[in-house]
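Heads up, the thing below is written out as structure tokens.
Counting begins at 1 with the first residue of the sequence.
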Amino acid sequence: MDVLSEIFSSLRLQAGLYFSAALRGGFAVRLPADRRRIRFHLVREGACVVTVPELEQVRLGEGDLVLIPDGASQVLSSETSIAGAVDLAELLSHSPPVEGILHVGEAGPVCRLLCGFLCFEEAIDHPLIASLPPIIVLRQTDAPDSSAIAAALALLRAETDDAGAGQAPVLQRIVEVLLMQVVRSSLSGHAIYSNGFARALADPRLSRALLAIHSRIDADWNLDTLAGCAGMSRSRFAESFTTAVGLSPFAYLTRWRMIRARELLAQPNLDMAEVAERCGYRSVPAFGRRFAAIFGMGPGEWRRQAQPYRQIAGPPQTI
């Protein structure tokens with residue numbers, strides 16, 4: 001079993017595009033906080049400065065891509081000063097995108113951006129996403145020429161210059177791949193960012209425990225059996241796991257069981273007792289209480305709400 005692939009599949013990661021932007025002269029555009037989406041901006045031409053509150057400013061050049069997790073607010077500007085930044089909503093109300101391109105300013109050097117987002121089921125709070133750093137910058141010059149990240153960045157830039165049929169879904173898939181490659185880079189020793197969960201997967205002992213959980217979520221796991229899988233003492237395993245993952249072993253086990261429960265509940269052919277058993281609960285009421293404690297509603301209510309959505313759900317709509 002590939003733990004990382006299973007997690008990404010369960011997160012139902014999808015990308016969408018907002019618009020392209022042509023920003024000229026001395027610009028400063030403020031984007032408000034927006035749920036837990038991971039926003040991204042690709043610099044197609046020129047340069048800009050990205051400012052996220054309480055973080056150091058980042059200057060981007062042509063071909064650079066920035067990923068900003070957790071829906072944080074941000075300012076895109078031509079200079080480090082962001083005084084007088086204009087809210088995006090105000091710009092859109094006065095000058096809506098023309099043929100998908102947002103124009104700001106009329107004279108001066110141009111910065112061309114491709115702006116979009118990555119989203120996932122917001123109720124699923126997995127450590128892999130929760131431990132992403134507040135800003136991730138991918139530069140072609142930082143990645144080895146042979147790396148998958150360098151190849152994906154080159155493909156992304158090439159695709160933005162090709163306005164052929166099917167461009168939007170291709171761009172979306174490339175950005176999804178880039179995020180996955182960023183996480184995988186931590187496992188191969190070329191970490192672009194520090195991520196505790198990825199480091200746990202790279203640790204031979206902790207990864208054995210994670211693999212055991214993901215392989216058999218229905219097993220009667222406890223601290224002793226999981227520590228045994230890792231080949232560590234109870235105390236050492238509990239401390240190391242909690243430090244790396246950000247959750248105790250039992251808390252992670254419970255979280256993953258509930259994530260899988262949502263997927264199983266979307267299958268109408270499975271009754272509640274079978275879903276509970278597959279998730280390691282011998283008692284349906286106990287399963288229901290745990291599910292409600294995490295998601296704010298019982299599994300039966302969630303199943304009733306989820307079915308119509310599952311039938312019509314598709315990729316995020318572009319804006």
Side-chain angles (χ1 to χ4, degrees), residues 4 7-8 11 13-18 21 27-43 47-61 63-83 85 87-89 111 113-143 149 152-153 156 174-187 190-202 242-247 252 255 316:
L4 199 57
I7 292 170
F8 272 120
L11 289 173
L13 185 71
Q14 292 180 314
L17 302 178
Y18 288 130
F27 62 85
V29 181
R30 188 184 308 279
L31 283 66
D34 182 20
R35 294 180 286 177
R36 295 177 61 206
R37 287 179 171 180
I38 302 172
R39 288 169 167 157
F40 68 83
H41 308 289
L42 172 70
V43 181
C48 72
V49 175
V50 179
T51 304
V52 177
E54 301 181 3
L55 297 178
E56 290 187 10
Q57 292 179 314
V58 174
R59 183 174 292 277
L60 302 176
D64 293 344
L65 176 76
V66 62
L67 297 158
I68 304 172
D70 207 27
S73 64
Q74 60 217 249
V75 176
L76 306 175
S77 60
S78 55
E79 305 293 339
T80 55
S81 173
I82 59 174
D87 289 339
L88 177 63
C111 173
L113 299 171
L114 177 69
C115 305
F117 62 91
L118 288 153
C119 63
F120 48 92
E121 289 199 34
E122 294 192 25
I124 298 177
D125 189 17
H126 192 278
L128 182 66
I129 296 296
S131 61
L132 286 172
I135 188 166
I136 302 168
V137 179
L138 302 180
R139 306 183 195 273
Q140 187 76 29
T141 54
D142 292 341
I149 289 176
L153 281 172
L156 183 62
I174 296 172
V175 176
E176 292 169 22
V177 168
L178 274 167
L179 180 62
M180 295 179 192
Q181 291 294 349
V182 166
V183 176
R184 288 181 64 190
S185 71
S186 293
L187 308 183
H190 301 290
I192 291 176
Y193 70 92
S194 177
N195 181 286
F197 190 83
R199 289 198 301 273
L201 281 177
T242 303
T243 299
V245 176
L247 294 171
Y252 181 80
R255 181 71 53 84

Just verifying a value: how many Å separate [X] [atom1] and [Y] [atom2], rounded to the nearest 0.5 Å?
X: Leu42; Y: Leu67; atom1: CG; atom2: CG; value: 10.5 Å
X: Ser73; Y: Asp87; atom1: OG; atom2: CG; value: 10.5 Å
X: Ile7; Y: Met180; atom1: CD1; atom2: CE; value: 11.5 Å
X: Leu201; Y: Leu128; atom1: CG; atom2: CG; value: 8.0 Å
X: Ile136; Y: Leu179; atom1: CD1; atom2: CG; value: 6.5 Å

For [X] and [Y], work out which heavy atoms get closest and say how close.
X: Phe27; Y: Leu76; result: CD1-O, 3.6 Å
X: Ala85; Y: Arg30; result: CB-NH2, 3.5 Å
X: Arg39; Y: Ala72; result: NH1-O, 3.1 Å
X: Gly61; Y: Val43; result: O-CB, 3.3 Å
X: Leu153; Y: Gly63; result: CD2-O, 4.5 Å
X: His41; Y: Cys115; result: ND1-SG, 3.3 Å

Applying side-chain contact (heavy atoms from CB on, under 4.5 Å), run through Asp70 and Leu132 and close with a yes or a no.
CA-CA 9 Å; Asp70 207 27; Leu132 286 172; over 6 Å; no

Assess whether side-chain contact (heavy atoms from CB on, under 4.5 Å) is satisfied between Arg59 and Asp64, documenting all intermediate values.
CA-CA 9 Å; Arg59 183 174 292 277; Asp64 293 344; over 6 Å; no

What side-chain donor-acceptor pairs closer than 3.5 Å can you find for residues 47-54, not counting sequence neighbours?
| from | atom 1 | to | atom 2 | distance (Å) |
| --- | --- | --- | --- | --- |
| Thr51 | OG1 | Gln57 | NE2 | 2.9 |

Could you check whether Phe197 and His126 have their ring centres less than 6.0 Å apart?
yes

Contacts of Glu176 meeting salt bridge (charged side-chain N to carboxylate O under 4.0 Å, His left out) (sequence neighbours excluded), chain-then-number -> Arg173

Go through the steps for Leu113 and Phe40 under the test side-chain contact (heavy atoms from CB on, under 4.5 Å), then give the verdict.
CA-CA 10 Å; Leu113 299 171; Phe40 68 83; over 6 Å; no

